[in-house]
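Read through the structure below, which is laid out as structure tokens, and then see the notes.
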Amino acid sequence: MVGSDSYYRDSVAPTPQPAAPTVKKQDISLYQFFGPGGVLSRTHPAYEFRRGQLQMAQAVEQALEEKRHLIVEAGTGTGKTLAYLVPVIRSGKRVIISTGTKNLQEQLFHKDIPFLEQALFPGGEGRLNVCYMKGRNNYLCRKKLYDLTGQPVLSGLEEIEHYRAIAAWEKTTQTGDRAELAELPEASALWHKIDARSDACLGQKCSSWDKCFITEMHRRAMESDIIIVNHHLFFADLSIKQQAEYAPDAGILPEVGAVIFDEAHELEDVAGSYFGVSVSNGRVEELCRDVEASLQRNHMLSASISGALKSLRERSMFFFALLPQGEGRFSFENRREFLEENGDEFTGLQQSFTRLGSELENLPSKPEEVFNFGRRTQELQVQFGFLMESEDRNTVFWIERRRGGRDKLNVYLQATPIDVAAILKTCLFDQLECAVLTSATLAVGGGFEYMRRRLGLEHTRESILPSHFDYENQALFYVPPDLPDPRTPQFAVKAADRIRRLLEITRGRAFVLFTSYAQMNDVYQRLLGELDFPMLLQGDAPKSVLLEEFRLTPNAVLFATSSFWQGVDVQGEQLSCVIIDRLPFAVPSDPVVAARVKSIDAEGGNAFFQYQVPAAVITLKQGFGRLIRSLHDRGLLVLLDNRILKKQYGRVFVESLPNYRKTTELAAVEEWFGAGQGKL
Ligand code: SF4
């Protein structure tokens, strides 16, 4: 268990709120902090002067002062977290820092900010109020847990055991964050029934409101100088505020003077998912289950309500079974034809919602949660209506089928904005005084036009910082000119053969990254038994377990797909080679990608050059970024897709990558390692 102060730190009583400690600009310049002989050099054990870090700090400070937006690409090794934290602390403003990964959130909260407090306030004259917030489903809902007590809805011994552990923990935890319960499995079905998701939350009318972990988190956020969140929480909150038309009590994040988006290359995808609409068979079932359990508990489950629930369950099952067949994600373009054929079934489903809604409405002296069920029923009905009948031209409608546990088939009906730029401009960038977007991978072909256009950013300051790494001497980039086009059937055989040869040269110690599961499995099977090195395969164990095994197993080779292209950090010789099978263009048949391509082309643009190539450039930069993680790392990067050499668009990729040493000769690769330049 982590300590009780794990998600909030301050050294003073929360009220009355003292002024936030600031380091005044006249006391010390940024150069005196980051420069040679400065504060950082005296306090950081691994200090090196990083020109890019100082430049970034100056740019962030200027953006905060001038109330301007800033977009800044800072490669690995720049030390960008300190470069934005120092100006943030000096500004005295309340700031949200939103990140893409949990690792970065934890690094900021547990390492970087405590380090800066020590460096800036060595006499302990003040500590920062810092709050670390996760998505609501990470926290326990006390009301749901109490409601479960004594109810026979636990299924199986495992759930009963988990229930006991959670009930005991609830009495002592200060945060309600499930991360404290290491023994609770990631996929615990019980947790899903008792987490604090907003769906079933009664808000101020809840009997546990005063001691609710979410209320407490909100209070802490209001008192904090720096609030650390992830992009999912940030955009979930923003979409709630937008739906509530910015009512003062909507959402959980307070008003701030600035937002720093780290790992900002992920913003378009995350924002798209929160400004869209999604319903599923599981969501309807969850509503029915919650209504049933609550009314049973309150001895209010009448025959007519049971009938309404039965009808809704049947109608929903029938409707989802009628939807066009297919696995994975696919477009639902022919909604009109579908409705022409199945209009009665859709109307039947809508009527079942209406019936349940009025049954709930007619209940005498209802407990508070029944009002909430009414709201959920109506919301689902409206969302189904939108998903089936809306003609909104900026929305793509699609279906996703995913297999769940115990042979469950989850079917999602989704609507996603095709272009989030206009939404982000109005809801986010026009509302904020200052937004700083940073990442190691934001620029394409030396500029930010792509990011600005996709995100709706106008009038921004921009900066691409010089790298702290000596890429030319740290990494060799090899493209085999003789392999067939990766779209041909011969590719897998030849690619497997070349990978085997390359791994012999590097003595394993490699990530082999693929753009599809099919290609990964194919090549893995071809090499199984052919390599003298331990082979690890994505899917054989959870990601964190595989990574740990990779770090600890000499000469290991990991075969993986997209989830290992970013947010993975293996420093040192253990990772000496990253091989990528092909240019990572997004799957053109993916419904959201296809809709974006169509929309850009329809407006007279060129989707391939304006969207598909730049998006693939960012992904490729992320993938190759796994190799060089420190000044001492050296190794080999391989792209088995020689379209980068042969096609006109290949130039954009080459110009966007760091200045790695380049070769098309296998002999040069052998020499690179043989000459002792590799991480041997
Ligand atoms: S306020 Fe909402 S999240 Fe908190 S205990 Fe009540 S229902 Fe659960």
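It should be emphasised that the depicted structure is a prediction, and the values quoted were computed from it without experimental measurement. All ligand and atom numbering here is 1-based and tracks the order in the structure.
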>> Please determine whether a side-chain nitrogen of the Lys or Arg among Arg289 and Glu292 lies less than 4.0 Å from a carboxylate oxygen of the Asp or Glu.
In response: no
>> I'd like to know if Glu379 and Arg283 make a salt bridge, using a cut-off of under 4.0 Å between side-chain N and carboxylate O.
In response: yes
> Which residue, Leu437, Leu432, Val436, forms the side chain to side chain contact (heavy atoms under 4.5 Å, CB included) with His69?
Replying inline: Leu432
Find all atoms of ligand 1 within a distance of less than 4.0 Å from any non-hydrogen atom belonging to [X], and give their numbers and elements.
| X | value |
| --- | --- |
| Cys206 | 1 (S), 5 (S), 6 (Fe), 7 (S) |
| Arg142 | 5 (S) |
| Leu202 | 2 (Fe), 7 (S) |

>> Between ligand 1 and Arg136, can you find any atom pair, the residue atom being a heavy atom, that is separated by under 4.0 Å?
In response: yes
> Side chain, backbone, both or neither: which part of Lys144 comes within less than 4.0 Å of ligand 1 when only heavy atoms are counted?
Replying inline: neither
>> Can you tell me how the ring of Trp169 sits relative to the ring of Trp191, calling it parallel under 30°, perpendicular over 60° and tilted otherwise?
In response: tilted
> What closest approach, in Å, do Pro254 and Ala221 show between heavy atoms, and which atom pair accounts for it?
Replying inline: CG-O, 3.6 Å
> Does any N, O or S atom of Cys212, backbone or side chain, fall under 2.8 Å from atom 2 (Fe) of ligand 1?
Replying inline: no
> In the protein, what heavy atom is nearest to atom 8 (Fe) of ligand 1, and what distance, to one decimal place, separates them?
Replying inline: Cys141 SG, 2.3 Å
>> Considering non-hydrogen atoms of the protein only, which is the closest contact for atom 2 (Fe) of ligand 1, and what is the distance?
In response: Cys201 SG, 2.4 Å
>> Set out, in order, the CA-CA distance, both residues' side-chain angles and the distance that settles ring-ring contact (aromatic ring centres under 6.0 Å, His included) for Phe235 and Tyr274, then state yes or no.
In response: CA-CA 6 Å; Phe235 285 104; Tyr274 286 97; 7.4 Å; no
